[in-house]
Amino acid sequence: MKTCAIHWFRKGLRLHDNPALLAACKAADDVKPVFILDPWFPKNANVGINRWRFLLQTLQNLDDNLKKVNSRLYVVKGKPNEVFPKLFKHWGVSHLTFEEDTEPYAVSRDSEIQKIAKEHNVEVTSCVSHTLFDTQRTISKNGGKAPLTYQRLQTVLSSMGSPPKPVESPTKCQTKTEPDHDKKYGVPSLEELGKSPEDCGPLLFPGGETEALRRMESMIQKKSWICSFEKPKTEPNSLEPSTTVLSPYLKFGCLSPRLFYYKLQEVYSKAKHTSPPVSLHGQLLWREFFYTVAADTANFDKMEGNPVCKQIPWDINEEYLKAWKEVFEEYLLDADWSLNAGNWMWLSASAFFHQYFRVYSPIEFGKKTDKDGNYIRKYVPQLSKFPKAFIYEPWKAPLDIQKKAGCIIGKDYPKAIVNHDQMRKKNIERMANAYNSNKTDGGGEKRKSEASSVQKKKKRKVE
DNA sequence: TTCATGGTTGTTGGC
DNA sequence: CGCCAACAACCATGA
């Protein structure tokens, strides 16, 4: 009796610790590993050329690794809800497996595919392997709502025991391929997707599971570095990475967070080591934190309609917006929906972090870890010849120094769009007002008592 | 219900 | 250069 199962790759682009792939191999003697290039995606998401390259390299590597276990990757173009009915019929599919994905777009897409599968008598198995724990289980352990502080998450997780152990890679994943497989289902090149490879930057971090495991293994050798790792002491403006650079591999699932967790555990077990939140384990827990809150919060990537987000009357300034917009989502190799939204709320004191008067200075913060401004000299070549006294504030340099540096501010390089000191004050005031008015949103008695308690505090201060 | 506690990365300016 | 107080007074959690 021949049975055919599709394993649907989305994230989780790996063979190791992939319980849904294992389930497909177990359920069927013909396993079709499928990746769907969804035309919806490039139009509505900002994916830069380097991330496209990373994805395609990851798919190529996935195909290579599947070949080693007698299988192949099938890259199919189309919308999942149109592709699956065709594939179900074409291959006579009885099982569909995939890794659970907690992002709202994925949740609604997957529930539609579940329905379609049911209509075609296809049995669906989905498994958690993108996060350390099942986010829904964490949420229900916390009384049905996501923990809103890191400490609370730690408390909840510690009541759940250790994360599930990673499962082995499949040793055999028999696939009946067709002779024209490469032509019909091969991994496309950048050109075939209408992209220009010459627009790519240097290839510093190749995509793929093999590279992810290599990078993790080489990092895990540096035991004292791992044991003394403290995130706040890393250097965001260093020219060499001062962190692991495993995040793009975790984002695409080239690397299992659970495998990484247990590899770190092994090192930790033999020596004194740092702890969450600053340790490397702590970094995996931050990821878990934002994934968990994001899975439980409506409009997590927006302010409006987002119950955890402070409602702040931001200015709408198209000019400023243009200078910043989309940059992170487009250019980051590791752009990750839950993590980006969570971190932006953190940094803007909109949620999770509330001490809004601690404002980063674009001048002082950079100086802390890069006094000479080498990061700016590399990435903003117009400013590269400024003396270090002015590298963070080139507009303050006397005209003759600007001339000597070959860059007149306002002519060869734009003037600052805001005065930081003024804008800092203005925004602290705006935040104070927003916090205050959010506090009194209950209205009535509550409004009165809150207002009077603020008054009292002010009085005390004066005395 | 009330209140203390702690919070992964702030900046400035004086000593 | 390192240390420390002032800045203004936040929130979620848990006792």
Side-chain angles (χ1 to χ4, degrees), chain A residues 139 141-159 228-238 242-244 247 264 273-290 292-293 296-297 306-312 339 342-371 375 392-393 419-442 445-446 449-463:
Chain A
I139 288 162
K141 273 271 174 185
N142 190 47
K145 55 187 196 296
L148 290 177
T149 65
Y150 189 88
Q151 278 203 347
R152 183 68 203 153
L153 178 84
Q154 280 184 291
T155 306
V156 176
L157 293 190
S158 67
S159 78
S228 60
F229 183 94
E230 291 179 57
K231 182 67 196 302
K233 291 189 179 164
T234 59
E235 300 180 8
N237 51 5
S238 155
S242 72
T243 53
T244 65
S247 56
L264 289 169
H273 58 87
T274 53
S275 298
V278 296
S279 64
L280 283 167
H281 259 184
Q283 303 317 300
L284 283 173
L285 291 181
W286 278 109
R287 178 177 181 273
E288 195 77 8
F289 176 58
F290 287 128
T292 308
V293 194
D296 189 49
T297 307
N306 178 345
V308 304
C309 187
K310 191 64 63 180
Q311 301 299 302
I312 299 155
L339 308 191
N343 279 312
W344 277 119
M345 281 188 273
W346 182 290
L347 275 170
S348 60
S350 299
F352 313 117
F353 178 83
H354 313 279
Q355 290 158 287
Y356 56 80
F357 29 81
R358 290 189 191 170
V359 179
Y360 289 90
S361 157
I363 297 148
E364 290 308 315
F365 190 81
K367 280 185 192 170
K368 266 200 298 201
T369 46
D370 185 11
K371 277 194 166 52
Y375 188 89
Y392 284 99
E393 298 169 283
N419 176 315
H420 181 71
D421 288 336
Q422 285 172 13
M423 203 51 102
R424 177 180 179 277
K425 286 198 185 93
K426 192 180 156 189
N427 270 325
I428 287 179
E429 206 182 318
R430 186 205 308 260
M431 294 298 285
N433 288 336
Y435 270 80
N436 213 32
S437 76
N438 278 207
K439 211 191 285 179
T440 56
D441 270 353
E445 279 307 301
K446 191 176 176 189
S449 73
E450 290 288 353
S452 77
S453 93
V454 168
Q455 287 282 317
K456 269 182 213 159
K457 276 182 187 168
K458 277 194 176 154
K459 252 189 187 169
R460 206 178 302 149
K461 188 92 203 163
V462 172
E463 282 160 13

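For clarity, every value in this text was computed on a predicted model and none was experimentally measured.
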### Task
Looking at every strand, decide which applies to A:Q151 at a 4.0 Å heavy-atom threshold: base, sugar-phosphate, or nothing.
sugar-phosphate

### Message
Strictly distance-based, threshold 3.5 Å: is any side-chain N or O of A:Q311 a donor or acceptor partner for the main-chain N or O of A:C309?
### Response
yes

### Summary
Rounded to whole Å, the OH-P distance (A:Y360 to B:dT11) equals 7 Å

### Message
In whole Å, measure the gap between the C1' atoms of C:dT13 and B:dT1 for me.
### Response
15 Å

### Query
Side chains of A:T243 and A:K231: closer than 4.5 Å at any heavy-atom pair?
yes

### Query
Could you spell out the base pairing of DNA chain B in dot-bracket, with Watson-Crick or G-U pairs whose two distances are under 3.5 Å, [ ] crossing and | to another strand?
.||||||..||||||

#### Entry: A:V156 side chain reached by A:R152 side chain, heavy atoms, under 4.5 Å
yes

#### Entry: P-based separation of B:dG6 from C:dC7 [nearest Å]
23 Å

### Side chains of A:S279 and A:H273 in contact at under 4.5 Å (non-hydrogen atoms)
no

### Task
Whole angstrom is fine here: how far is it from NE2 in A:H354 over to C1' in C:dC11?
4 Å

## Note on the structure
Among B:dG7, C:dA9, B:dT11, the one nearest any side-chain atom of A:Y356 is C:dA9

### Message
When the P atoms of B:dG7 and C:dA9 are compared, how many Å lie between them, rounded to an integer?
### Response
22 Å

### Query
CZ of A:R424 versus P of B:dT11: gap in Å, rounded?
9 Å

### Query
When the distance from CG of A:L153 to P of C:dA12 is rounded to whole Å, what number comes out?
16 Å

### Task
State which of C:dT13, C:dC11, B:dT9 makes the closest approach to the side chain of A:T149.
C:dT13

### Query
Of the nucleotides C:dC11, B:dT8, C:dA12, which has the atom closest to the A:Y435 side chain?
C:dC11

### Residue A:Y150, side-chain heavy atoms: nucleotide from C:dG14, B:dT8, C:dC10 that is nearest
B:dT8

### Query
Is there a donor-acceptor pair closer than 3.5 Å between any side-chain N or O of A:Y150 and the backbone N or O of A:G282?
yes

### Query
Rounded to the Å, how far apart are A:R358 CZ and C:dA6 C1'?
13 Å

### Task
Taking atom types as modelled, find out whether A:N427 and A:R430 have a side-chain donor-acceptor pair closer than 3.5 angstrom.
yes

### Query
If you measure from the P atom in C:dA8 to the same atom in C:dA12, how many Å do you get, rounded?
23 Å

### Query
Could you give the OH-to-C1' distance, from A:Y392 to B:dT11, as a whole number of Å?
16 Å

### Query
Between A:F352 and A:W346, how do the two ring planes meet: parallel, tilted or perpendicular, split at 30° and 60°?
parallel

### Task
Using the P atoms only, state how far C:dG14 lies from B:dT8, rounded to an integer number of Å.
13 Å

### Side chain A:D296, main chain A:A146, donor-acceptor under 3.5 Å
yes

### Query
A:V278 near the nucleic acid: base, sugar-phosphate alone, or nothing, with a heavy-atom cut-off under 4.0 Å?
base

### Query
A:K368 side chain N/O closer than 4.0 Å to the phosphate oxygens (OP1, OP2) of B:dT11?
yes

#### Entry: Atom-to-atom span, CG of A:N433 to P of C:dA9 - whole angstrom
10 Å

### Query
Whole-Å distance between C:dC10 P and A:W346 CH2?
18 Å

### Message
Centroid distance below 5.5 Å plus an interplanar angle below 30 degrees: do A:W286 and B:dT8 meet both conditions?
### Response
yes

### Message
When you measure from the side-chain N and O atoms of A:R152 to the phosphate of B:dG7, is any distance below 4.0 Å, counting only OP1 and OP2?
### Response
no

### Task
Report the residue (A:I428 or A:K371) whose heavy-atom-nearest nucleotide on DNA chain C is the more 5′ of the two.
A:K371

### Task
Remember a base hit wins even if backbone is also touched, and classify A:E364 as base, sugar-phosphate or nothing at under 4.0 Å, heavy atoms.
sugar-phosphate

### Message
Just so I know, are the side chains of A:E235 and A:D370 near enough to count as touching, which here means a heavy-atom distance under 4.5 Å?
### Response
no

### Message
Side chain of A:F357 only, heavy atoms from C-beta on: which candidate in B:dT8, C:dC10, C:dA12 is closest?
### Response
C:dC10

